[in-house]
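As structure tokens, the structure follows; a few thoughts come after it.
Throughout, a chain's letter reflects where its sequence line sits, starting with A, and its residues are numbered from 1. Note that the coordinates shown come from a computational prediction; the quantities given were computed from them, not determined experimentally.
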Amino acid sequence: MPVRNSEIADIFEKLADLLEIEESNPFRVRAYRNAAQSIRGHGKAMADLLEQGADLSELPDIGEDLAEKIQTIVTTGELPLLNEVESRTPAALSDMMRIEGLGPKRVKTLYKTLDIKSIDDLKRAARSGKIREIPGFGKKTEDRIRTRVEGFTSHEQRVKLCVAEQIAEPLVDYLRKVKGVKDIVIAGSFRRRKETVGDLDILIAAARDSIVMDRFVEFGEVVEVISKGRTRARVRLRCGMSVDVRVVPAVSFGAALVYFTGSKQHNIAIRKMGVRRNLKINEYGVFRDKKRVAGKSEKSVYASVGLPVIVPELRENRGELQAARKNRLPHLITMEDIRGDLHCHTRATDGRDTPRRMAEAAAERGYEYLSINDHSKRVAVANGLDRKRLLKQIKEIDKLNEKLDGIELLKSVELDILQDGSLDLPDSVIKELDFTVCAVHYGFNLSRRKQTDRVLRAMDNPYFNILAHPTGRLINEREPYPINLEAIMKAAKERGCFLELNAHPDRLDLTDDACLLAKEIQVRIAVSTDAHSASDLRYMRCGIDQARRGWLEKTDIINTLSLSKLKELFARR
DNA sequence: GCCGTTTTCGGCCCGACTGTTTTCAGTCG
């Protein structure tokens with residue numbers, strides 16, 4: 001299997017850690033970190049780009065040298081420079097830097113004075129009380145290291161956005177009631193609507209003498225106060241999530257919002273634009289010399305560098321600043337644009353509600369149509385429909401449609417794409433449907449080429465309309481199966497097929513980067529919830545968040561169309 | 001090691017908090 005972008009990024013990040021411990025040129029260290037981030041966030045695999053003969057040094061934060069190193073990693077799977085550095089400096093020191101409160105300097109000191117080279121070494125040393133004897137360390141530092149290292153798991157997981165929302169809501173309600181709090185916004189990746197959130201950044205506008213910080217650390221879910229000052233405090237909640245609260249005066253709120261919403265890369269780019277205009281931009285405002293010239297609102301901050309406000313979902317330094325400069329920011333899709341949902345299940349298979357109940361719930365949301373896409377027979381665990389049961393369901397839906405007012409149910413199915421690329425029900429029954437949704441449910445371990453060919457062959461069937469959850473990934477649970485998405489998207493575009501952005505918060509498959517790729521290729525997308533109950537229809541919001549991060553507009557999304565237009569699109573045959 | 005409205009050299013974001021030290025280094029975001 002070709003080397004994944006995340007693997008290349010991991011190598012550069014590890015190298016950056018070790019070089020930092022060795023006190024190498026800090027800007028060189030940063031260059032490796034920037035490159036890692038750039039590669040990790042890139043929609044296309046470096047391996048594919050190289051195969052197509054692309055010049056990697058044209059990518060942001062990648063120069064001649066790193067382009068060559070990426071080539072080496074893609075070809076050989078490793079980087080000689082990293083091996084060389086690891087021969088001097090133990091690789092596991094990089095893991096130690098993941099522990100909160102341990103940076104390159106302390107890790108180096110621990111290594112040099114106590115020969116601590118791993119998390120386990122660190123655990124033993126902290127228990128034995130040797131760490132506090134090192135100059136510059138003390139009892140408190142040792143205590144903290146001990147607690148952190150005991151509870152340390154190598155990969156602290158980011159939580160899904162919808163889970164973060166449930167965690168944040170009661171805390172924000174609590175803080176909102178504190179005297180002196182004028183405004184409160186959850187910033188950070190939460191506000192940028194990233195699919196997962198590492199920690200919560202809560203920004204509060206309040207008077208300087210507000211007691212909000214005292215109240216914050218007293219919140220019932222707080223199990224550890226990591227730091228607490230007048231303007232900034234950080235705690236850990238019972239659920240394991242860290243929360244930062246920052247208090248700023250109202251006059252700085254807009255500047256602070258920009259600053260704490262990020263992304264970091266976006267902010268750095270904004271600041272650089274400011275520097276060119278002799279402006280200093282920080283979380284307190286925009287300053288020319290000592291004079292504040294903007295900062296109360298986000299609009300004023302962006303205006304100070306000659307830009308319109310950029311919505312948080314786009315703030316990733318993925319071209320939004322250039323687009324804003326040219327007044328070519330996308331008009332992002334909104335919930336109001338959505339006229340129906342093209343993927344849901346009923347009690348006939350693994351759903352919980354009846355078609356009628358689903359239709360009523362969709363109508364309540366203001367939709368014009370909803371399609372019923374129960375599983376087909378291959379998905380036996382879900383009691384998938386065979387030919388006979390599907391024909392029966394088609395008749396039921398026809399009957400139901402006569403009674404329904406204001407909403408139409410579309411007759412569909414979620415077909416299984418078999419390993420040979422055929423679909424698991426015959427055309428003779430599929431042709432009775434309004435359209436089809438097709439997906440891979442088994443055989444995730446095929447090679448990338450075979451998996452791609454499988455889906456491409458399936459798309460050759462003229463009844464194939466929408467490819468559902470195109471990579472099969474489950475966030476934090478299952479990696480995407482290897483597949484050449486770019487080839488799939490190009491083929492879909494040629495054949496008049498569409499890709500689904502599965503809005504279920506466990507899937508969000510396509511990723512934001514994949515949405516960007518789809519936009520570039522101009523293949524259109526269905527944002528669908530894959531609802532297994534009437535209440536699941538609410539997940540549309542999650543899909544729209546993701547679509548917006550992927551720059552998608554109303555015209556990129558097919559379920560913004562009227563029913564008649566939609567039916568025209570589905571008529572490949 | 002990257003980058004360019006200061007373009008092939010000379011910059012590269014910076015303020016808050018903690019602990020240990022007594023004026024600041026280390027870490028974080």
Side-chain angles (χ1 to χ4, degrees), chain A residues 12 15-17 19-21 23-39 56-70 79 81 96-110 131-145 148 187-189 198-203 213 217 224-235 242-248 252 255-256 258-287 305-306 317 322 325:
Chain A
F12 284 158
L15 185 55
D17 285 348
L19 288 174
E20 201 175 14
I21 291 166
E23 293 174 67
S24 168
N25 176 354
F27 299 110
R28 183 178 172 219
V29 171
R30 187 187 297 171
Y32 279 112
R33 291 201 201 287
N34 290 342
Q37 191 168 344
S38 176
I39 294 163
L56 298 186
S57 70
E58 284 174 11
L59 300 178
D61 299 317
I62 310 291
E64 294 292 325
D65 181 89
L66 287 179
E68 200 170 304
K69 288 194 166 83
I70 294 169
L79 182 64
L81 176 62
M96 284 166 60
M97 280 178 63
R98 301 282 87 77
I99 290 169
E100 193 160 2
L102 287 190
K105 298 287 169 61
R106 283 180 183 153
V107 165
K108 184 181 185 180
T109 306
L110 288 165
I131 291 177
R132 72 181 76 175
E133 291 161 12
I134 306 171
F137 289 69
K139 183 170 183 312
K140 277 198 171 176
T141 306
E142 183 184 81
D143 285 347
R144 291 210 142 178
I145 290 174
R148 302 259 160 78
S189 50
D199 55 14
L200 293 174
D201 285 296
I202 300 179
L203 185 65
M213 283 309 195
V217 299
E224 184 189 5
V225 179
I226 296 164
S227 69
K228 176 174 176 283
R230 233 178 21 196
T231 65
R232 170 183 287 192
R234 184 174 175 84
V235 306
S242 296
V243 184
D244 271 314
V245 162
R246 276 108 166 177
V247 177
V248 295
S252 299
V258 171
Y259 190 93
F260 294 118
T261 297
S263 67
K264 197 170 166 182
Q265 299 305 323
H266 175 90
N267 285 350
I268 288 173
I270 293 274
R271 278 167 184 235
K272 282 184 181 166
M273 292 179 69
V275 169
R276 286 202 284 275
R277 290 171 163 77
N278 279 322
L279 296 172
K280 191 173 91 165
I281 304 175
N282 60 29
E283 61 264 57
Y284 298 108
V286 180
F287 301 88
V305 291
N317 200 23
Q322 293 80 345
R325 213 174 300 157

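Not one side-chain nitrogen or oxygen of A:K108 sits closer than 4.0 Å to the OP1 or OP2 atom of B:dA25. Between B:dG1 and A:R28, a contact under 4.0 Å exists linking OP1 or OP2 to a side-chain N or O. OP1 and OP2 of B:dC13 both lie 4.0 Å or more from every side-chain N or O belonging to A:Y284. For B:dC14, neither phosphate oxygen OP1 nor OP2 lies less than 4.0 angstrom from any side-chain nitrogen or oxygen of A:R271. Close to B:dT18, at under 4.0 Å from its OP1 or OP2, lies no side-chain N or O of A:T141.
Checking B:dT8 for Watson-Crick or G-U wobble geometry (two distances, each under 3.5 Å) identifies no partner in any strand.
Comparing atom distances between the A:I268 side chain and each of B:dC13, B:dA16, B:dT27 picks out B:dC13 as nearest. Of the listed nucleotides (B:dT18, B:dG1, B:dG29), B:dG1 has the atom at the smallest distance from the side chain of A:L66. Closest to the A:R30 side chain, of the nucleotides B:dC12, B:dG1, B:dG29, is B:dC12. The side chain of A:S227 approaches B:dC17 more closely than any other nucleotide in the set B:dC28, B:dC13, B:dC17. Taking every side-chain heavy atom of A:P104 into account, B:dT27 is the closest of B:dT27, B:dG1, B:dC12. Comparing B:dT18, B:dC13, B:dG1 by their nearest atom to the side chain of A:R144 picks out B:dT18. Closest to the A:Y259 side chain, of the nucleotides B:dC14, B:dC17, B:dC3, is B:dC14.
Using a 4.0 Å heavy-atom criterion, one finds that A:R276 contacts the sugar-phosphate atoms exclusively. A:F260 comes within 4.0 angstrom of no nucleic acid atom, judged by non-hydrogen atoms across all strands. Backbone-only engagement by A:R106 is indicated by non-hydrogen atom pairs under 4.0 Å involving sugar-phosphate atoms exclusively.
The base of B:dG29 has none of its N or O atoms less than 3.5 Å from a complementary donor or acceptor on the side chain of A:D244.
Atom CG of A:N282 is separated from atom P of B:dG29 by 19 Å (rounded to the nearest Å).
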